[in-house]
There are 2 protein chains.
Amino acid sequence: MSKKTASAGADTETRATSEHAPDLRLWLRTLACTNLIENHIRSRLRAEFGITLPRFDLMAQLERSPLGLKMGELSKRMMVTGGNVTGITDQLVAEGLVVREDSPKDRRAYIVKLTPEGRRSFRKMADAHENWIVELYAGMDEKQRNQLYDLLAVVKASASAATTKKK
Amino acid sequence: MSKKTASAGADTETRATSEHAPDLRLWLRTLACTNLIENHIRSRLRAEFGITLPRFDLMAQLERSPLGLKMGELSKRMMVTGGNVTGITDQLVAEGLVVREDSPKDRRAYIVKLTPEGRRSFRKMADAHENWIVELYAGMDEKQRNQLYDLLAVVKASASAATTKKK
DNA sequence: TTTTGATATTTTAGACATGGATATATCTAT
DNA sequence: ATAGATATATCCATGTCTAAAATATCAAAA
């Protein structure tokens, strides 16, 4: 249909609402779910353990890598900038929950590790954290959760391809 | 079953890894997808339009509500705190992209609206933004996107129920 | 060796973001 | 009418977070 008139503005809008809007709605819904869960977790971590979400996340990465991680590794895995990791690590070091060790291989790099106290403290929090997550997904049956998990793998692949190509 | 031994730590860990971990992995994958897309959008908005994601998001809310929105409405829809909205709005007002009008109904409240320039500026950015989103989901077919959209509705309902009950 | 370029981290400046506290206005039930 | 509870928005302290510049190291070529 359509008159292919002179108005570029109208064409763009038509194209957008008829073809693109579904993807946009999908993205906005994804974002809404993530924010809902993330905000809940954030405030419970603060209320019950007096810790911030970024610090918890950094400790979680270290817990999974008992050998420790370089700052750059943390940055990549947490998908945040290096400057950010520096600040969070400084805080955790001051609290005695992690340590910076000099890398034997590379004098530019540090190896960040959990301290014994950090590990002990993290395990307690992680246990509660997992329970909260389970509660949040309790309204889904197993089949739905598995389907979602698989679809998110497709999203990840699709978005990765798009970001590496364009950037 | 189970010996209900003295070690609480061991019991907790077993319970966690055998039963809870799948939900945790689901959540972490969700988070990874969101961060991937969000970081991409954020840097493109900055690079191509010199705007930040929070400001863009606030303008997007106003675009959808031509009558304007109260600060509290913005806070609810963007899922951020009121103090945060105050700051972002201040910035946008300083740039002449939005205005604060006194509410005729309620002298406690402001009505925030896009200025004509704000609307013009937003439409250009929104058009590009939608194209980026389409690119990011290009690796999924329509059936997958619809399935995902529906599953996310279930997630949202599940998480909403959990957060309102516990909080 | 010295230069060159890539890598690893920190530093800096500015913008977000939360939670709590405050100030003001409105509503409700007497 | 009026006290008490609620609602609206702002201010403040603290803590991320990014982008860009600065610092230091490494690795390899000229």
Side-chain angles (χ1 to χ4, degrees), chain A residues 31 34-36 38-59 68-95 97-98 100-112 167, chain B residues 31 34-35 38-59 68-95 97-112 167:
Chain A
L31 197 53
T34 300
N35 285 336
L36 190 58
E38 195 169 71
N39 287 341
H40 180 72
I41 296 296
R42 184 197 314 281
S43 62
R44 277 188 97 161
L45 277 176
R46 177 179 296 262
E48 302 187 20
F49 297 106
I51 198 176
T52 63
L53 184 52
R55 288 182 212 182
F56 177 82
D57 286 341
L58 195 152
M59 291 176 78
L69 288 171
K70 292 192 296 183
M71 300 294 280
E73 283 286 350
L74 280 168
S75 166
K76 216 169 300 171
R77 299 195 190 196
M78 298 174 70
M79 298 210 241
V80 297
T81 57
N84 189 3
V85 172
T86 297
I88 300 171
T89 303
D90 287 346
Q91 294 279 350
L92 289 171
V93 168
E95 297 176 37
L97 299 173
V98 310
R100 263 190 258 240
E101 294 178 359
D102 290 335
S103 167
K105 306 275 196 179
D106 188 338
R107 269 186 306 176
R108 293 169 300 180
Y110 293 116
I111 307 290
V112 186
K167 224 23 197 336
Chain B
L31 198 52
T34 300
N35 285 336
E38 195 168 73
N39 286 340
H40 180 72
I41 296 295
R42 184 197 314 283
S43 62
R44 275 188 99 160
L45 277 177
R46 178 178 294 260
E48 302 186 21
F49 297 106
I51 198 178
T52 63
L53 185 52
R55 288 182 211 181
F56 177 83
D57 286 342
L58 195 152
M59 291 176 79
L69 289 171
K70 293 191 295 184
M71 299 295 278
E73 285 284 355
L74 280 168
S75 166
K76 215 170 298 170
R77 298 194 190 198
M78 300 174 68
M79 299 210 238
V80 296
T81 58
N84 190 1
V85 173
T86 298
I88 300 172
T89 302
D90 287 347
Q91 294 280 350
L92 288 171
V93 167
E95 297 176 39
L97 298 173
V98 310
V99 283
R100 261 188 262 240
E101 294 178 0
D102 291 335
S103 167
K105 304 274 194 179
D106 188 337
R107 269 185 307 175
R108 294 169 298 182
Y110 291 118
I111 306 291
V112 185
K167 214 42 194 328

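In what follows, chains carry the letters A, B, and so on, assigned in the order in which the sequence lines appear, proteins first and then strands, with residues in each chain numbered from 1.
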- Check whether any side-chain heavy atom of A:Arg107 lies under 4.5 Å from a side-chain heavy atom of A:Asp102, and answer yes or no. no
- Query: Got a second to check how far A:Met71's CE is from A:Lys76's NZ, nearest 0.5 Å?
  - Reply: 13.5 Å
- Query: Is any side-chain heavy atom of B:Val93 less than 4.5 Å from a side-chain heavy atom of B:Val99?
  - Reply: no
- Task: Whole angstrom is fine here: how far is it from CD in A:Glu95 over to P in D:dT14?
- Result: 14 Å
- Item | Comparing A:Arg42 and A:Ala109 on DNA chain C - which has the more 5′ nearest nucleotide | A:Ala109
- Starting at CG of B:Asp102 and ending at C1' of D:dT10, how long is that distance when rounded to a whole Å? 15 Å
- Message: Can you see if the side chain of B:Thr86 gets near the phosphate of D:dA9 - specifically, an N or O under 4.0 Å from OP1 or OP2?
- Response: no
- B:Thr81 vs B:Val85 side-chain heavy atoms within contact, under 4.5 Å: no
- Message: Between C1' on D:dT16 and CE on A:Met59, what's the gap in Å once rounded to a whole number?
- Response: 17 Å
- Message: Students often get this wrong, so: under 4.0 angstrom with heavy atoms, is A:Ile88 touching a base, only sugar-phosphate, or nothing?
- Response: sugar-phosphate
- Closest to the 5' end of DNA chain C, once B:Lys105 and A:Arg46 are matched to their nearest nucleotides, is A:Arg46
- Does the side chain of A:Thr52 get closer than 4.0 angstrom to OP1 or OP2 of D:dT16 through an N or O atom? yes
- Compare all side-chain heavy atoms of A:Met59 with those of A:Ile51 and state whether any distance is below 4.5 angstrom. yes
- Query: With a 4.0 Å cut-off on heavy atoms, is A:Gly87 in touch with a base, just the backbone sugar-phosphate, or nothing at all?
  - Reply: nothing
- To the nearest Å, give me how far apart CD1 (B:Ile41) and C1' (D:dC17) are. 18 Å
- Note on the structure: When rounded to whole Å, the CZ to C1' distance for the pair B:Arg55 and D:dT18 reads 13 Å
- Query: Between B:Phe56 (CZ) and D:dT18 (C1'), how many Å, whole number?
  - Reply: 19 Å
- Identify, between B:Gly72 and A:Val85, the residue whose nearest nucleotide on DNA chain D lies closer to the 5' end. B:Gly72
- Message: If you compare every side-chain N and O of B:Arg100 against the phosphate oxygens of D:dT10 (OP1, OP2), does one of them come in below 4.0 Å?
- Response: yes
- Query: When rounded to the nearest 0.5 angstrom, what is the spacing between CE in A:Met78 and CG in A:Asn84?
  - Reply: 7.0 Å
- B:Met78 near the nucleic acid: base, sugar-phosphate alone, or nothing, with a heavy-atom cut-off under 4.0 Å? nothing
- Query: Between D:dT14 atom C1' and A:Ile51 atom CD1, what is the distance in whole Å?
  - Reply: 15 Å
- Heavy-atom side-chain contact between B:Ile111 and B:Lys70 under 4.5 Å: yes
- Message: Is the phosphate of D:dT16 approached by A:Asn84 (side-chain N or O, under 4.0 Å from OP1 or OP2)?
- Response: no
- Rounded to whole angstroms, how far apart are CG on A:Leu92 and C1' on D:dT16? 12 Å
- First and last nucleotide of DNA chain C, 5' to 3', lying under 4.0 Å from heavy atoms of chain B: C:dA15 to C:dT26
- Message: Do B:Leu58 and B:Leu74 make a side-chain contact, defined as non-hydrogen atoms from C-beta onward lying under 4.5 Å apart?
- Response: yes
